[in-house]
Amino acid sequence: MVSLTSDPRGRIISIFVGAVLLPSIALSFLSFQSVPKVSESTALAMVRQADKALYWVERDLETKARAHALSAARAIGPEALVDGREEVVRKAMAKAGLPEDMFDTLRLEGASPSKVVAALSGAEDDLHVLREALRGFEAAPGPEDSVPLGVSDEHEAGVLRFSFACGYAHRTLLKEYFEKDFDNPDQSFVVRVTEPPDWETIYETAPTPDGHFETKREMHTPSFKGLKLQVRYKERSIKDVVHRLAMVKTALILLIDLMLGAGLYLVYANVKRELHLSRLKSDFVANVSHELKTPLALIRLFAETLELGRVPGEDKAKQYYRIINKESHRLTQLINNILDFSRIEAGRKEYRFARTDVARIIHDVLESYRFPIEQQGFALETDIADDLPPADVDKEAVSQALINLVNNAIKYSPAEKYLKVTARAEDGAVAVAVTDRGMGIAKADHKRIFEKFYRAENSLVHETKGSGLGLSLVQHIAEAHGGSVKVESAPGKGSTFTLLLPLARREEVKAPNLARVTST
Ligand code: ADP
């Protein structure tokens with residue numbers, strides 16, 4: 001039985017390992033295993049190709065020799081051939097302009113003179129055509145080579161037996177073959193021919209300083225018997241090719257593994273982020289429910305007390321009204337934040353920019369917070385520049401951003417109750433700063449507090465309820481104005497949040513999305 005872990009993160013990891021990681025490891029293991037086999041078969045294929053090239057060199061040389069013999073026979077004419085004596089043939093050779101010592105032997109076998117005449121006269125003289133016609137002819141075994149006299153009707157015309165003089169075959173025929181007839185596309189092969197007994201090079205198609213060849217072949221064709229053919233690839237050695245192939249394959253497999261690893265990491269990071277987000281969302285629901293319940297309970301309690309007339313005095317009644325007022329303020333603020341958040345998430349948040357006196361907004365916000373500020377004993381300091389120029393802002397949105405900052409300053413100042421709000425013009429913007437001397441924020445959290453739902457992992461913070469939306473809305477509002485929000489804070493020392501709002505709004509500024517959530 002497979003036991004599944006109930007922890008979602010554990011489950012995801014099991015899925016990764018089972019469905020992706022293990023098959024990937026198995027696949028890359030198999031691929032690695034196949035590298036030597038692929039290299040071996042490549043090497044084998046290349047050796048075979050080289051062997052084949054040498055086979056065809058020998059066959060071509062054989063055919064060339066036969067075509068030359070036949071052509072010589074035709075050149076000297078039927079009389080000399082029928083006569084057959086060596087001196088007569090030599091003489092006829094010289095007369096035909098051929099070297100006298102071209103052949104060691106050149107004679108006819110099994111032909112009647114009339115047929116020799118018929119076979120030699122009028123036949124094809126072109127060496128190339130002759131060679132094509134002679135392909136596939138198998139000579140009788142022996143030290144001499146032979147060729148059918150009448151190419152098309154050899155049995156009737158008899159056979160020409162010949163043996164080229166060693167010097168002529170090794171120097172002239174061989175050289176002529178490699179220079180004119182050797183079929184070597186792109187010059188990809190280099191062939192060297194050596195001669196026994198010292199294996200001295202008699203011809204090579206290109207120099208090979210290190211003397212390394214891939215394969216060799218000893219020739220058995222009578223005219224070239226005993227010569228050794230060697231071949232190599234011009235641009236590369238088989239060893240190099242195989243080495244490079246193995247390297248490339250290995251690098252490719254490693255690259256694929258790397259990409260696979262990166263892909264796995266991305267999927268894992270995404271899933272982790274989603275899990276984190278869903279945890280934040282459930283925290284958010286719990287926090288918001290609590291935030292809604294507390295003011296509602298207070299409002300109900302004090303409203304009922306007032307309704308039943310159980311208030312000891314006028315002052316107490318006033319205090320109860322204030323509490324009801326304050327709590328309904330808190331409720332409105334919370335609901336505004338949630339509504340705004342949902343509008344932003346749905347891409348429906350709209351801003352109405354108009355030339356506005358920012359100082360006025362600050363005064364209004366502080367006025368509406370006068371009661372909680374005073375009641376909780378906060379020392380309030382304001383420093384708003386008299387010459388603050390008007391700015392293109394959405395009044396509602398900026399008020400809400402300020403309310404969130406002031407609200408936080410009050411919420412997170414359990415000990416020293418101090419609040420300062422300043423505003424001044426700065427580099428074409430209005431800078432509004434809200435300072436407190438509260439619990440402060442650890443450096444590591446400075447960026448993350450602007451993420452949606454994020455609340456600092458701090459026991460003091462968790463005693464204070466919140467939705468984790470306030471600062472992400474402040475940032476959204478600031479950015480929608482083409483501005484920004486900065487924080488300066490240290491734990492135990494308090495915090496200053498500065499809202500920068502450009503005086504003139506640039507048209508291209510688009511309302512950004514809410515700050516993204518990153519995983520812990
Ligand atoms: P909420 O206050 O509802 O939790 P916010 O987005 O307004 O959500 O704030 C995010 C977090 O930033 C808070 O949970 C708190 O940890 C921290 N924070 C914000 N303002 C202050 C402040 N003035 N002093 C200390 N911590 C703060």
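Read the numbers this way: they start at 1 and go in the same order the structure lists the ligands and their atoms. No hydrogens, no waters, no symmetry mates; every other heavy atom, side chains included, goes into these values.
- The option with the heavy atom closest to atom 19 (C) of ligand 1, from among Asn408, Asn404, Val487, Asp445, is Asn408.
- No N or O atom of Tyr454 sits closer than 3.5 Å to an N or O atom of ligand 1.
- Considering backbone and side-chain atoms alike, Gly468 places an N or O below 3.5 Å from some N or O of ligand 1.
- Each of the following atoms of ligand 1 lies closer than 4.0 Å to a heavy atom of Leu469: 6 (O), 8 (O).
- Side-chain atoms of Ile256 and Ser28, non-hydrogen and from C-beta on, never get closer than 4.5 Å to each other.
- At a heavy-atom cutoff of 4.0 Å, ligand 1 is contacted by the side chain of Ile441 but not by its backbone.
- Listed by chain and number, the residues in a ring-ring contact (aromatic ring centres under 6.0 Å, His included) with Phe213 amount to none (sequence neighbours excluded).
- In this structure, Val421 and Ile384 approach most closely via the heavy-atom pair O-CG1, 4.5 Å.
- Geometric assessment of Lys316 against the ring of Tyr320 yields a negative cation-pi assignment under the 6.0 Å and 45° thresholds.
- Between Ser472 and ligand 1, a contact under 3.5 Å exists for no N or O pair.
- Phe284 and Phe341 have tilted rings, their planes meeting at an angle from 30° to 60° on a 0 to 90° scale.
- Below 4.0 Å from some heavy atom of Lys411 lie the following atoms of ligand 1, by number and element: 1 (P), 2 (O), 3 (O).
- Below 3.5 Å of separation, one finds no N or O of Phe497 facing any N or O of ligand 1.
- Counting heavy atoms from C-beta outward, Ile410 and Tyr369 have side chains that approach closer than 4.5 Å.
- Taking a 4.0 Å cut-off on heavy atoms, Gly438 fails to register as neighbouring ligand 1.
- Between Lys349 and Asp340 a salt bridge is recorded (basic side-chain N to carboxylate O distance below 4.0 Å).
- Remark: Tyr233 engages Phe189 in a ring-ring contact (aromatic ring centres under 6.0 Å, His included) (not counting sequence neighbours).
- In terms of N/O distances under 3.5 Å, ligand 1 is approached by Gly470.
- Within ligand 1, the atoms closer than 4.0 Å to a non-hydrogen atom of Ala456 are 14 (O), 16 (O), numbered from 1 in the order shown.
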